[in-house]
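Just so you know, ligand 1 is whichever comes first in the structure, and atom 1 is the first atom listed for that ligand.
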Amino acid sequence: MPDGTTILYIEDNPDNQRLVQRLLEARNFQVLIAPDGPQGIALARETTPDLILVDINIPGLDGFETTTRLRSMAHLRGAPIVALTADSQEGTRERSLAAGCDGFLTKPIDPRRLHEQLQEFISGKREELPQTVETTVLREYTQKLVERLERQVREAMVANAELQELDRLKSQFLALLSHELRTPLTSILGFVELFERGTLGPLTQSQKEAITVIGRNVQTLVRHLNSLLYLQEVRSSQLRRVPMMPHEMLQRLMSEIRARAQTTGVEVEDSITPTRTYNGDMVALEYAFRHLLDNAIKFTPGGGKVSVAMEDEESRIILRVQDTGIGIPASLHEKIFLPFYQVDSSLARNYTGVGIGLAIVKHVIEAHGGQVTVRSTPGGGSTFTVVLPRG
Ligand code: ADP
């Protein structure tokens with residue numbers, strides 16, 4: 001037996017997995033195990049097994065469907081696929097072969113002969129069906145497959161409609177909640193201001209300090225609520241596009257950001273080339289630009305640097321916001337653009353926020369036909385790039 005001959009075994013039963021693995025490894029085969037069809041297909045995609053052994057009764061995609069999918073992979077063309085089943089129902093062998101298997105073994109496995117049986121297939125043995133039988137079985141198989149597909153599509157459509165309804169209710173609830181919370185907060189803010197101005201009588205030093213802390217925290221709450229309300233608003237309303245100068249808007253925001261960066265000890269540099277007129281939603285773009293700048297400052301510790309660049313090309317405007325901050329792991333680069341998603345690391349947890357800013361940014365930029373992407377590594381800083389196409 002040649003060393004390193006690789007068998008991919010797709011089987012959900014752990015006892016069978018162990019048995020086959022032991023038997024084959026004792027004969028110098030290398031055995032890869034996948035517990036279901038999709039994982040088997042994924043493993044087959046990234047390896048080149050010499051033979052694939054598929055249990056027919058696996059959950060989800062069954063062995064027939066898994067085989068049909070594997071058969072369509074060009075790099076597996078020479079690799080035999082062998083069905084293994086305890087299913088003694090009439091027609092199972094024919095269905096396996098029609099679905100693309102090259103052979104059919106029944107359980108219980110013959111421990112003394114399994115390696116020989118597989119080796120025969122690796123050496124070229126093929127079981128075949130007479131043409132007329134194959135055509136009939138194939139037709140039945142295809143019909144069953146389409147019936148299953150139809151059932152699944154129907155179920156997916158129902159589930160999707162339910163999810164959409166839930167999403168609508170969630171948005172409605174969030175909008176209601178934000179409105180309801182804003183009223184009492186406005187009143188709290190008003191009283192804090194009266195205290196700060198001394199209108200309600202003199203305060204001791206520690207009372208003044210306490211009022212400042214209350215004021216700051218209420219402001220933070222108001223900011224979060226405004227973001228929540230804004231998320232609902234941008235999702236449900238159309239853009240109001242007007243001729244504007246993106247570089248002027250960015251320059252204005254830069255002076256705000258510089259002031260903030262100074263207090264946290266972050267260096268800011270920019271390279272903003274004047275843009276030609278662009279048709280954009282001023283309010284929405286200002287939110288998006290400001291949020292990217294805010295995040296860059298927020299997630300960059302003192303001593304770090306934020307670099308902002310804007311270029312105007314023939315067909316698009318590009319904004320790059322680069323920081324030397326804490327960075328984001330690659331696995332989360334898509335997720336951070338989802339509403340309410342925040343990176344759950346001890347580093348990121350030190351920063352306040354509700355995780356909707358980037359969802360708004362993405363929505364706004366995509367509504368302009370553009371895209372926003374991130375390149376980032378933990379500890380190596382982040383670069384957010386916005387591309388706004390013209391025309
Ligand atoms: P939040 O408003 O809470 O900051 P965002 O939607 O803006 O939420 O961002 C989602 C998450 O993405 C943040 O909680 C943070 O972990 C991560 N993130 C966003 N921008 C940066 C950045 N410049 N550097 C590092 N992490 C970032």
Side-chain angles (χ1 to χ4, degrees), residues 167 170-171 174 177-178 181-182 216-235 250 253-254 256-258 260-261 263-270 283-310 318-367 370-387:
D167 192 51
K170 187 198 70 191
S171 303
L174 283 176
L177 186 77
S178 330
L181 289 179
R182 216 152 55 158
R216 205 174 42 233
N217 282 295
V218 178
Q219 290 286 8
T220 306
L221 265 178
V222 170
R223 252 205 331 277
H224 291 343
L225 279 181
N226 285 343
S227 292
L228 266 180
L229 282 172
Y230 193 56
L231 176 66
Q232 308 309 324
E233 199 186 308
V234 287
R235 278 177 153 190
L250 186 61
L253 293 171
M254 288 307 292
E256 271 179 39
I257 289 300
R258 281 212 159 82
R260 282 217 8 239
T263 63
T264 58
V266 173
E267 188 192 334
V268 176
E269 63 170 28
D270 69 58
V283 180
L285 285 180
E286 183 167 323
Y287 181 99
F289 291 0
R290 179 184 279 118
H291 192 77
L292 291 176
L293 298 174
D294 269 347
N295 272 356
I297 300 288
K298 181 163 123 184
F299 293 104
T300 304
K305 188 159 109 182
V306 170
S307 316
V308 180
M310 182 171 266
I318 301 175
L319 164 68
R320 249 184 218 103
V321 182
Q322 184 173 10
D323 65 57
T324 60
I326 62 172
I328 306 156
S331 59
L332 304 179
H333 287 181
E334 299 276 327
K335 288 193 175 148
I336 54 169
F337 291 101
L338 295 175
F340 308 109
Y341 191 86
Q342 287 184 296
V343 177
D344 187 26
S345 72
S346 54
L347 261 181
R349 233 180 286 132
N350 295 332
Y351 304 89
T352 60
V354 280
I356 46 180
L358 286 180
I360 298 178
V361 171
K362 185 172 154 72
H363 185 93
V364 165
I365 301 302
E366 288 182 355
Q371 67 168 31
V372 52
T373 49
V374 63
R375 267 188 299 117
S376 180
T377 46
S382 309
T383 305
F384 285 82
T385 306
V386 170
V387 177

Pick from His291, Gln322, Lys335, His333: the one approaching atom 2 (O) of ligand 1 most closely through a non-hydrogen atom:
His291
Name the residue from Val308, Val361, Leu253 that meets the side chain to side chain contact (heavy atoms under 4.5 Å, CB included) definition with Leu292.
Val361
Mind checking whether Val361 contacts ligand 1 via backbone (N, CA, C, O), side chain (CB onward), both or neither, at a 4.0 Å heavy-atom cut-off?
neither
Decide whether an N or O pair under 3.5 Å exists between Gly357 and ligand 1.
yes
Minimal non-hydrogen separation, Pro301 against Val266, with atom names
O-CG2, 3.8 Å
Check contact between Ser382 and ligand 1, using heavy atoms of the residue and a distance below 4.0 angstrom.
yes
Main-chain N/O of Val306 paired with Asp323 side-chain donor or acceptor, under 3.5 Å:
no
Examine the proximity of ligand 1 to Leu358 and report which part, side chain or backbone, both or neither, has a heavy atom under 4.0 Å away.
both
Among the heavy atoms of Phe384, does any lie under 4.0 Å from an atom of ligand 1?
yes
Answer whether the closest heavy-atom distance between the side chains of Thr373 and Val386 falls below 4.5 Å.
no
With atom 8 (O) of ligand 1 as the reference point, say which of Ser376, Gly355, Pro378 has the nearest heavy atom.
Gly355
Does Arg258 CZ have over 12 foreign heavy atoms under 6.0 Å away?
yes
What distance separates Lys305 NZ from Thr324 OG1, expressed to the nearest 0.5 Å?
8.0 Å
If you count the atoms of ligand 1 from 1 in the order shown, which ones are under 4.0 Å from a heavy atom of Lys298?
1 (P), 4 (O)
